Amino acid sequence: MTKADIINNISAQTGLPKKDVSVTVEAFMEELRQSLINKENVYLRGFGSFIVKHRAQKTARNISKNTTIVIDAHDMPAFKPAKSFVEKMK
């Protein structure tokens, strides 16, 4: 499913114009993105949590050159589904 499909489905279910739904979806995604960039977790009850996971510095191997490289510590966005959501998926 694409963002366009989501916008079309919401528009069909609510009767709102696609343009208004598109603006709302874009605003939601931008707010979510900015919250994660600011290292703030986003909790959506009944759906799940968008969280920021910290990855520690580690060493790895570059197999093609047979050298050791260092991967710096960094933050990664992650999604953790709610228990009720997981139960419905089963």
Side-chain angles (χ1 to χ4, degrees):
M1 180 174 267
T2 65
K3 184 170 36 171
D5 294 335
I6 292 170
I7 291 170
N8 288 337
N9 290 347
I10 292 173
S11 178
Q13 290 174 8
T14 61
L16 294 171
K18 288 182 185 179
K19 186 175 181 180
D20 293 344
V21 174
S22 177
V23 169
T24 304
V25 169
E26 287 291 336
F28 171 76
M29 290 173 48
E30 183 59 31
E31 189 64 32
L32 180 66
R33 187 177 305 119
Q34 286 303 315
S35 294
L36 293 175
I37 288 171
N38 294 331
K39 297 180 179 27
E40 299 172 355
N41 296 333
V42 178
Y43 305 100
L44 301 174
R45 187 161 302 199
F47 183 71
S49 303
F50 293 92
I51 57 176
V52 178
K53 287 189 174 183
H54 182 74
R55 302 284 186 194
Q57 179 180 343
K58 63 182 178 180
T59 57
R61 302 279 306 159
N62 183 344
I63 297 172
S64 63
K65 295 181 181 176
N66 197 26
T67 58
T68 302
I69 59 174
V70 175
I71 300 174
D72 293 331
H74 58 281
D75 293 323
M76 294 283 299
F79 176 73
K80 182 179 178 188
K83 246 184 210 182
S84 60
F85 183 43
V86 172
E87 290 299 320
K88 287 182 182 180
M89 290 292 295
K90 290 181 181 181

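Given the structure is predicted, the values throughout are model-derived calculations rather than measurements.
The nearest pair of heavy atoms linking Pro17 to Ser11 is C-OG, 4.0 Å. A pairwise comparison of heavy atoms in Met1 and Asn9 identifies CE-ND2, 3.2 Å as the closest pair.
Counting heavy atoms of neighbouring residues, nucleotides and ligands inside a 6.0 Å radius, atom CZ of Arg45 does not exceed 12 of them.
Taking hydrophobic clusters as Ile, Leu, Val, Met, Phe, Trp and Tyr residues chained together by side-chain heavy-atom distances below 4.5 Å, Val21 does not share a cluster with Val23. Residue Val52 is grouped with residue Phe50 when hydrophobic side chains (ILVMFWY) are merged at heavy-atom distances under 4.5 angstrom, including chains of intermediate members. A chain of hydrophobic side-chain contacts below 4.5 Å, direct or via other Ile, Leu, Val, Met, Phe, Trp or Tyr residues, connects Val25 to Phe47.
Between the Ser49 side chain and the Ile51 main chain, no donor and acceptor come within less than 3.5 Å of each other. In terms of modelled atom types and a separation under 3.5 Å, the side chain of Asp5 and the main chain of Thr2 share a donor-acceptor contact.
For Arg61 and Thr67, the side-chain atoms include no donor-acceptor pair closer than 3.5 Å.
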Show every donor-acceptor pair shorter than 3.5 Å between a side-chain atom in residues 69-90 and any protein atom, with sequence neighbours excluded, or say none if there are none.
residue, atom, partner, partner atom, Å
His74, ND1, Asp72, O, 2.9
Asp75, OD1, His54, ND1, 2.9
Asp75, OD2, Lys39, NZ, 3.0

Using a 3.5 Å cut-off and no angle test, enumerate the donor-acceptor pairs between side-chain atoms of residues 29-36 and protein atoms at least two apart in sequence or in another chain.
residue, atom, partner, partner atom, Å
Glu30, OE1, Arg33, NH1, 2.5
Glu30, OE2, Gln34, NE2, 3.0
Ser35, OG, Glu31, O, 3.0

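To the nearest 0.5 angstrom, Ile10 atom CD1 is 10.0 Å from Ser22 atom OG. Taken from CD1 in Ile37 to CD in Glu40, the straight-line distance is 11.0 Å, to the nearest 0.5 Å.
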